[in-house]
Novice: 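Here you go, one structure.
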Amino acid sequence: MLTDKITEKIKNSLLNDPRFADLDFSNLLLSIPRNPDHGDFSTNFAMINSSRLKSKPIDLAQEMLNLLKKSDDSFFQDISIEKPGFINFVISNKIYQRYLADVVLQGVDYGSGIHNNKKVLIEFVSANPTGLLHLGHLRNAAVGDSIARILKFSGYDVVKEYYVNDYGNQVRLLGESLKERVLEKLKLDFNIPEGGYKGDYLIDVAETLLLTKDSRSILKEETAFFSNFAISCLTKEIEKDLEDLDINFDSWYSEKEKIHDSDSVINIKKLIMSANGLYKKEKAEWIKTSEYGDNDDWVITKSDDSSTYFMNDIAYHHDKFLRGFDKIVNVWGADHHSHISRLKASMKLLSNDLSKLDFVLIQFVRLIKDGQDVSMSKRSGTYTTIKDMLNEFNKDLVRFMMVSRSSDSHFDFDLDKCREGSDDNPIFYIQYASARINSILNKHDLNKDDTKSVDLSLLTEEKEIKLIKKILSFPDTVEEASGTMSPHKIAFYLQELAAIFHSYYKSTKVLIENDELSKARILLLSSIKIVFVNGLNLLGVSSPERM
RNA sequence: GCGCCAGUAGCUCAGCUGGAUAGAGCAAAGCACUUCUAAUGCUUAGGUCGGGGGUUCGAAUCCCUCCUGGCGUACCA
């Protein structure tokens, strides 16, 4: 990465002087100044260390500048200091050109990083399989999957997991509701139970069930049979919806199988007891989370002896730790934020390493259609499903919009403004840029040998240098998005790159008489295309060949 | 009451591990298609970063406080 190289060069030159030898060089951060007059990169390292070295920031910057200039081998075109103590760097064009040549060679790997294949478990969506996926799950799905893609690209070994809530009261109710729908189908009296599932989708499930065997033997079955059938059908539907969004899970973790059909809960309870973290009160069992950082204690076993949802969640998360991951990420809806502190407390009680545990909270997104809030249809009391959504809007648009904002800010998503052809549609803006490049490359592309012989020093136009700089900052953007688990940083980056490209496209012709220059520009475009493809892929968005 | 997230241009939002003159898109006003894709480009206008204190060389960013909005606050999951 270019920034790594620069940091290394600065560090090496400063280490020549014993005075700087014991500085904390992890504080040596480079930023890209907003104002281009301040160079390509800038550091506040002198200001940060001025008090420790007992010098005025500007004097310290001057000392550093002298060392830097002394050891520079024309990597930098210019190094300068600016009050109150910034050191600004301008990189030589030939360095930019050299790095640009690598982009095409790296191809699909360009921008990827190294994190030693540390193992990450990321759990997201995990919607209860008692219904279909609806808009409330959409942002979680898109953000979770993009984070997974980004982590993987930046060098982690990622497992994507869906926790299937296939046990408990809700599941029983689902089974009972399905049985009533079967009765309905058979034109018999039916009555969906109090608190049951009234959605039409169970009618479809009932129809499917009736195809499997004769109705008389179906009606003899226990509730569990209906529950199991419904869960299996709906899980398949969920899986299919996710596939339509290009989201695939590596692991479907069944609560019933992994937690209830095993001794998991009993074992965890023993662990809690041996940590002296459990007590009885009013016929229930409580966990002493208040002693580990939460405000309250919580019930883990109800007075009827069944375990609470929280107990199951403790068992599930403890198991995540047992499975040996270096990093455990939970992508949760913001309505679950209050669970974080109690889950952390319980994991601490069980002596797990909390630094491995990470949460991404997804705030609600309000969907506006025809000027109306359609996040939930108030009239029918039903949710708009992801199926409905994908019938009307293409996957790329939906996914891009869902990750185009920081996940901890709630935002309004106006569908009408984002329709195809609309001016307010950033994904088409980006894809269009990519398609424009394709159309040029289709007319004239370079073969491998050409690539090596291209003279990139011919790329001297202001916009060309700007494009090169932007392309070369892609790996840093990926690393930043990975470190903060923020897909929107990729989305913004791609829009900026597209903007610079469109402007360049308008002002400068690529396929021209001057063959050498033309080749250099084609190589530049090939690099941009690689960034578009790699970047959009991180968001689960395609890069169409033409539009 | 308590907790979490948010409040930045008319609208939707970036910028928040403190940095230099606060940005983008849309909307508004004007301009550019004999051209490798006009789903584009160029120009203009638009701001007391919710209010008030504090911390320091420097605050949209950190701390305190108040106001406003969203979401939570079960022996439901």
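Convention: sequence-line order gives letters A, B, ...; per-chain numbering from 1. From a predicted model like this one, the values you see are computed outputs, not experimental measurements.
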Novice: Using whole Å, what does the distance between atom P of nucleotide B:U61 and atom CZ of A:Arg34 come to?
Specialist: 14 Å
Novice: Just to be sure I understand the geometry, which residues of residues 506-516 of chain A put a non-hydrogen atom under 4.0 Å away from RNA chain B?
Specialist: A:Lys506, A:Thr508, A:Lys509, A:Val510, A:Leu511
Novice: Under a 3.5 Å cut-off for both contacts, is B:A22 paired Watson-Crick or G-U wobble with anything, and if yes, with which nucleotide?
Specialist: none
Novice: What is the pairing partner of B:U73, taking Watson-Crick or G-U wobble pairs with both distances under 3.5 Å in any strand?
Specialist: B:G1
Novice: Contact class for A:Ser50 (heavy atom, under 4.0 Å): base, sugar-phosphate, or nothing?
Specialist: nothing
Novice: Could you state the atom-to-atom distance from CG of A:Asn425 to P of B:G25 in whole Å?
Specialist: 15 Å
Novice: Can A:Glu464 and A:Arg521 be counted as an ion pair, charged N to O under 4.0 angstrom?
Specialist: yes
Novice: With respect to the side chain of A:Asn44, which nucleotide from B:G19, B:U21, B:A6 is positioned closest?
Specialist: B:G19
Novice: What nucleic acid atoms does A:His38 come within less than 4.0 Å of, heavy atoms only: base, sugar-phosphate, or nothing?
Specialist: base
Novice: Please step through side chain to side chain contact (heavy atoms under 4.5 Å, CB included) for the pair A:Met401 and A:Phe393, ending with a clear verdict.
Specialist: CA-CA 11 Å; A:Met401 290 313 296; A:Phe393 299 94; over 6 Å; no
Novice: Are A:Lys466 and A:Glu461 ion-paired here, with the side-chain N under 4.0 Å from a carboxylate O?
Specialist: no
Novice: For the residue pair A:Asn165 and A:Lys256, confirm or rule out a side-chain donor-acceptor distance under 3.5 Å.
Specialist: no
Novice: The side chain of A:Tyr309 is closest to which nucleotide in this list: B:A14, B:A77, B:A39?
Specialist: B:A77
Novice: Just N and O in the side chain of A:Arg436: are any of them under 4.0 Å from OP1 or OP2 of B:A38?
Specialist: yes
Novice: Out of B:A14, B:A77, B:U37, which nucleotide sits closest to the side chain of A:His488?
Specialist: B:A14
Novice: Taking only the side-chain nitrogens and oxygens of A:Ser409, find out if one of them lies under 4.0 Å from OP1 or OP2 of B:A14.
Specialist: yes
Novice: Students often get this wrong, so: under 4.0 angstrom with heavy atoms, is A:Asn128 touching a base, only sugar-phosphate, or nothing?
Specialist: sugar-phosphate
Novice: Please tabulate, for side-chain N and O atoms in residues 167-175 of chain A, each donor-acceptor pair with protein atoms closer than 3.5 Å (sequence neighbours left out).
Specialist:
from     : atom 1 : to       : atom 2 : distance (Å)
A:Asn169 : OD1    : A:Arg172 : NH2    : 3.3
A:Gln170 : OE1    : A:Tyr197 : OH     : 2.8
A:Arg172 : NH1    : A:Glu176 : OE2    : 3.0

Novice: Between B:C13, B:C76, B:C36, which nucleotide gets closest to the side-chain atoms of A:Ser439?
Specialist: B:C36
Novice: Using a cut-off of 4.0 Å on non-hydrogen atoms, how would the nucleic acid contact of A:Phe310 be classed: base, sugar-phosphate, or nothing?
Specialist: nothing
Novice: Among the nucleotides B:G19, B:G15, B:G72, which one has an atom lying closest to any side-chain atom of A:Asp335?
Specialist: B:G72
